[in-house]
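Chain identifiers are assigned alphabetically (A, B, ...) following the order of the sequence lines, protein sequences preceding nucleic acid strands; residue numbering begins at 1 within each chain.
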Amino acid sequence: MIKVTLKDGVVREYENGVSVLDIAKSLGAGLYKAACLAKINGENADIRTVLNEDCEVSILTFDDDDAKKTFNHTCSHVLAQAVKRLYPSTKLAIGPAVDGGFYYDFDSEINFTPEILEKIEAEMKKIVKEALPLERFELEPAEAIALMQERGEIYKVELIKEHSDKGEKISFYRQGEFEELCAGPHIPDTGRIKAFKLTSCTGAYWRGDSKNKMLQRIYGTAFTKASDLEAHLNALEEAKKRDHNKLGRDLELFTTVDYIGQGLPIMLPKGARIIQLLQRFVEDEEQRRGWLLTKTPLMAKSDLYKISGHWDHYKDGMFVLGDEEKDDEVFALRPMTCPFQYQAYLNRARSYRDLPMRLNETSTLFRNEASGEMHGLIRVRQFTISEGHLMCTPEQLEDEFRGCLELTTFMLKTLGLYEDVSYRFSQWDPEDTEKYIGTPEQWDEAQSVMKTILDDLGINYKIGIGEAAFYGPKLDIQIKNVHGKEDTLITIQIDQMLAEKFGMEYVDKDGSKKNPYIIHRTSIGCYERTLALLIEKYAGAFPVWLSPEQVRITPIADRHHDAAYELKNKLQAAGIERVEVDTRSEKLGYKLREAQLEKVPYVLVIGDKEAEEGTVSVRKRSFGDQGSFSIDEFIAMIKKDIETKAIW
RNA sequence: GCUGCUAUGGCGCAGUCGGUAGCGCGCAUCCUUGGUAAGGAUGAGGUCACCGGUUCAAAUCCGGUUAGCAGCUCCA
C-alpha cells in the first residue's frame, strides 16, 4: 500500500501500482470523467501514470490551464489522425497546444481549404465518437526511427534523431490505428472531446526557420462542452469588433491608400488630433522631468550609419536614397534616432557636470519592413516615436534607468494600459556572433546592471535570450492586441558600446576621459502603435481628454440653433476645445444614436426649456441621460474629466 | 519575404452557365420641427483595385501587379 496525499491535504491509502485515473474513479464518477491531467509532487504527469510510492497528487480538470493544454493537445492528435485517414500521404510535423487551442503542422500536397477543413472536422467527430483510448508506449531510438522511416514520417525521424543521443527511450501515443511520436501527457480517451472547431489554416515554416519548407498549419480549439466552445467563438467575434484596424477606419481615425503603399497610413483629422494630444502631453511631461528637446534630420549620409553599425546590421531594412556603386553620396531615411541625437552631445566637450544629459525628440522613423509584416497601425513603415537618449556616468545609471521606467509607468497609468502590460528582459545570445557587437564582459556588465535595477524594483519579467539590440540589453514592455498577439509598446535599453563608436566622452572629476553610459528609451512608444492599442482598449470610446470630439450639441429644432452656437462659444471660451453642433434636421433620437455610435463622450441637448433657462440636458456616453445642468455645472463636470484625464 | 484567402458606389453586401451592374446603410434635396439609440419622399453616385491575355462578348475565365486579411519568419 502507498499513501497518497490529495489536493485538500487528505491522505488515502491505495494499492501499490494504482494509476491516478483509478484514484479519480475512486473519488467519484464526475471527477473520473473530467480528469485531464495529474500533478504528482508538483510535476505535471499523464493521468494514467502508475504510482509506486507515497506522493502528493492533484487531479486536474479542464478548468486548470495545464489540463486545458493537455486536452487541446489530445485534440491535435485527433486532428492528425483524421488527416492521416483522409489523406494518408500527408506527413506529420508537430502539433502542440497553445493559448486558446492547438495547431498541427502538416506537409501535404492537398491544399487544406475551408471545405477540406469541414471534411476533416467530420472525420474528427467520428474519432471522438469511437472514444479511442490513448495508450503510451516506448521504443528504443533505433526502433523508433525505423518505425517512422517505414511510414515516411521524415519530420518525426528528424525529431527522434535529435533526441536519440540522450540515451532515453522514445515515447509514443497510440489511439486506434494511429501512432504518434509524443512526450504527452494526454487525456484518457478521444471520447472526452465533446466540442471542438478547426478555426483556420495558414502557412508555417518547419521548425520556425524561414530557410525550411513551409508547411500547412491547421489551428483549432477544443472544449468539454458545446456551450463553452460557442462562448469562446463569440468572444473572438467580439474581440474582432474592437480591432483597431477595423474600428480605426470606421471611426475615421486613419485610412490607407493602395497607391501610397503598405505600412503608410493616412492619419485623418480625428486620428491626427489624438496623436497631437498625446504628443503635447508627452513632450510637456518630459520637459517637466528634465528632458531637453532636439530636432534632428530625417535622413543622413550612409557614413553616419556606418559609424553606428546600423549599415552593417540593417541596411536591407532601410530606405536608401541613391546607389552605392554609382553615386558619390548615398543617403538613407533614418530608421532610428540614436546617432542623430548623439550629435547634440558631441557638439562640444562634456564634463561630468553636464551629466546626466537627457535628450528627447518626437522622432519620425522609416523602416522598410518586409511586405508581409505590416498590420494596421501596429506595424508600419513610417512612424513617430517619443524617442530619447540619456547620457550618464556609471554611478548615475541606476537612478536614471529608474527615472525612465517611472516615466513610462506614469504614461501607461495615465492611458489606462498599465494593467495590460508585461515585462521582458531582452538579453544577448552569446552563441550569436553575427548580431552582437562588444565583448562578453561588456554584455555581462550591462545585463547585470539592468538585472539589479529590475530586481530592486521588484519587476516581474521574463527573460528573452537573443532578443537584445545589437548594442545592448533591453527592458521591453509588452502588450497584447485584441487578437492576443504580443508586441513591444515601450523599450528601455542600456548601451555602453555606441558611445565608444561615436567618440562620446566626458571629463570626469579626476580629469580622465570616459565614455558615458547611454540609455535609449521611449516614454509612450510610437504614437501609431499606442493609438492602435488605445482604440482596442477603449473600443474607440476614448477618455474625454483624448476624444477627437468631446461635446456634441444637439438642438431639437431649427429655432434652437442660435442657442446651440452660443453654447458652443461659451464652452470653447471656457477651454473646452472640441465641440460640434449637429444642425441636421433629423429627429433627436436619430442624432443621439449617431453621436453614441461615434463615441462622443458628452451630448448636450438644447430645446425650448434649456434655451429659456440657460441650462443644458446632458447625455453621457454609455451612461445615458444625466438630466439638466446649468452651463457652469456642465463646464465644471467636463473640465474635471479633462484635467484628471479621467477614464470611464 | 513565405503559405493561404480576398478585392463590386463612402460602408456592409448580392450578382447563376461569360451577354457592359443591384440592394441596404450613408450622402444630397424636399416634406416633417421633433425631448434622449433609426420619421417620410425624391435623387445623385460605380472604367466592378490595376495591367495584360482568352473570347464575337469578361465584374465573371487565365496570368501578372498592387492593396487588405489570417498565420509563419523578421522587428535597430
Which listed nucleotide (B:rG71, B:rG35, B:rU32) is nearest to the side chain of A:Ser585?
-> B:rU32
State plainly whether the residues A:Glu528 and A:Arg379 are in salt-bridge range, i.e. N to O under 4.0 Å.
-> no
Ion pair present between A:Lys620 and A:Asp625, side-chain N to carboxylate O less than 4.0 angstrom?
-> no
Base, sugar-phosphate alone, or nothing: which one does A:Ala370 contact when heavy atoms must sit under 4.0 Å apart?
-> base
Pairwise 5' ranking along RNA chain B for A:Leu264 and A:Phe366, keeping only the more 5' one = A:Leu264
Nearest-Å distance once atom P is located in both B:rC62 and B:rA58 = 15 Å
Can you tell me, in whole Å, how much space there is between the C1' of B:rC48 and that of B:rG18?
-> 14 Å
Which nucleotide, B:rG35, B:rA76, B:rG71, lies nearest any side-chain atom of A:Met214?
-> B:rG71
If the C1' atom of B:rU47 is compared with that of B:rU8, how far apart are they to the nearest Å?
-> 12 Å
Lys/Arg-Asp/Glu bridge criterion (N-O < 4.0 Å) met for A:Arg207, A:Asp209 | no
Which part of the nucleic acid, if any, lies within reach of A:Tyr219 when heavy atoms closer than 4.0 Å are counted: base, sugar-phosphate only, or nothing?
-> sugar-phosphate
A:Ile556 has a side chain; which of B:rA37, B:rG34, B:rC75 sits nearest to it?
-> B:rG34
Check every strand shown and say whether A:Gly317 touches a base, only sugar-phosphate, or nothing at a heavy-atom separation below 4.0 Å.
-> base
Closest nucleotide of RNA chain B for A:Tyr205 versus for A:Glu467: which of these residues is on the 5' side?
-> A:Tyr205
Would you kindly give the NZ-to-P distance between A:Lys587 and B:rG40, to the nearest whole Å?
-> 9 Å
Using a 4.0 Å heavy-atom cut-off across all strands, classify A:Gln262 as base, sugar-phosphate, or nothing.
-> sugar-phosphate
Are A:Thr615 and A:Ser630 linked by a side-chain donor-acceptor pair shorter than 3.5 Å?
-> no
Are A:Arg334 and A:Glu361 within salt-bridge range, i.e. N to O under 4.0 Å?
-> yes
Using a cut-off of strictly less than 4.0 Å, decide whether A:His483 has a side-chain nitrogen or oxygen near OP1 or OP2 of B:rA70.
-> yes
In whole angstrom, what separates A:Tyr471's OH from B:rC75's P?
-> 13 Å
A:Arg559, nearest nucleotide to its side chain (from B:rU33, B:rG68, B:rG35) | B:rU33
Pairwise P distance, B:rA28 and B:rG10 [rounded to whole Å] | 15 Å
In whole angstroms, how far is the P atom of B:rG4 from the CZ atom of A:Phe106?
-> 17 Å
Would A:Tyr517 and A:Glu445 count as having a side-chain donor-acceptor pair, cut-off 3.5 Å?
-> yes
OP1 or OP2 of B:rA76 under 4.0 Å from side-chain N/O of A:Lys474 | yes
Pick the C1' atom in B:rG24 and in B:rA14, then give their distance to the nearest Å.
-> 11 Å
Under the side-chain contact (heavy atoms from CB on, under 4.5 Å) rule, what do A:Trp648 and A:Tyr538 come out as? Steps first, then yes or no, please.
-> CA-CA 9 Å; A:Trp648 45 264; A:Tyr538 296 113; over 6 Å; no
In whole Å, what is the span from the CE atom of A:Met374 to the P atom of B:rC74?
-> 16 Å
Using the C1' atoms only, state how far B:rC61 lies from B:rA38, rounded to an integer number of Å.
-> 43 Å
Can you check the A:Asp487 CG to B:rG71 P distance for me, whole Å?
-> 11 Å
Could you tell me whether A:Leu597 contacts a base, only the sugar-phosphate backbone, or nothing, with contacts defined as non-hydrogen atoms closer than 4.0 Å?
-> base
Under 3.5 Å, is there an N or O donor on one side and an acceptor on the other linking the side chain of A:Arg379 and the base of B:rC75?
-> yes
What is the nucleic acid contact for A:His560, judged by heavy atoms within less than 4.0 Å: base, sugar-phosphate only, or nothing?
-> nothing
Closest to the A:Arg593 side chain: B:rA67, B:rA37, B:rG35?
-> B:rA37
Quick one: A:Glu373 CD to B:rU3 P, roughly how many Å, whole number?
-> 14 Å
Does A:Gln216 place a side-chain N or O at less than 4.0 Å from the phosphate oxygens OP1/OP2 of B:rG4?
-> no
Report the distance from atom CG of A:Leu365 to atom P of B:rC75, rounded to the nearest whole Å.
-> 17 Å
So, are A:Arg552 and A:Glu598 salt-bridged, with charged N and O less than 4.0 Å apart?
-> yes
For A:Gly589, answer base if it contacts any base atom (sugar-phosphate contacts may also be present), sugar-phosphate if it contacts only those atoms, and nothing otherwise; contact means non-hydrogen atoms under 4.0 Å.
-> sugar-phosphate
Identify whether a stacking contact exists between A:Tyr314 and B:rA76, where the ring centres must be under 5.5 Å apart and the planes under 30° apart.
-> yes
For B:rU32 versus B:rG68, give the span between their P atoms, rounded off to a whole number of Å.
-> 48 Å
Check the distance between B:rC74's C1' and A:Lys211's NZ and give it to me in whole angstrom.
-> 12 Å
Determine the contact category for A:Arg217: base if any of its heavy atoms lies under 4.0 Å from a base atom, sugar-phosphate if only primed atoms, P, OP1 or OP2 are that close, otherwise nothing.
-> sugar-phosphate
Which one, B:rG35, B:rG71, B:rA67, comes nearest to the side chain of A:Val605?
-> B:rG35
Of the candidates B:rG1, B:rG39, B:rG71, the side chain of A:Glu586 sits closest to B:rG39
For the side chain of A:Asn72 and the backbone of A:Ala222, is there at least one donor-acceptor N/O pair under 3.5 Å apart?
-> yes
Are A:Glu549 and A:Lys270 close enough for a salt bridge, meaning some N to O gap below 4.0 Å?
-> no
May I ask you to evaluate whether A:Arg584 reaches the phosphate of B:rC27, defined as a side-chain N or O under 4.0 Å from OP1 or OP2?
-> yes
For RNA chain B, the dot-bracket pattern of Watson-Crick and G-U pairs whose distances stay under 3.5 Å, | for other-strand partners | (((((((..((((.....[..)))).(((((.......))))).....(((((..]....))))))))))))....
Span that lies between the C1' atom of B:rC13 and that of B:rC31, in whole angstrom | 31 Å
Would you mind classifying the nucleic acid contact of A:His313 as base, sugar-phosphate or nothing, using non-hydrogen atoms under 4.0 angstrom?
-> nothing
The nucleotide from B:rA70, B:rU33, B:rC75 with an atom nearest the side chain of A:Ala557 is B:rU33
From A:Leu253 atom CG to A:Ile266 atom CD1, the distance as rounded to the nearest 0.5 Å | 14.0 Å
What is the nucleic acid contact for A:Glu610, judged by heavy atoms within less than 4.0 Å: base, sugar-phosphate only, or nothing?
-> base
Check every strand shown and say whether A:Ser210 touches a base, only sugar-phosphate, or nothing at a heavy-atom separation below 4.0 Å.
-> sugar-phosphate
Residue A:Met318, side-chain atoms from C-beta onward, closest of B:rA76, B:rG71, B:rG34 = B:rA76
To the side chain of A:Tyr590, which of B:rA76, B:rG4, B:rA38 is closest?
-> B:rA38
Indicate whether the side chain of A:Gln496 and that of A:Gln442 have a donor and an acceptor atom separated by less than 3.5 Å.
-> no
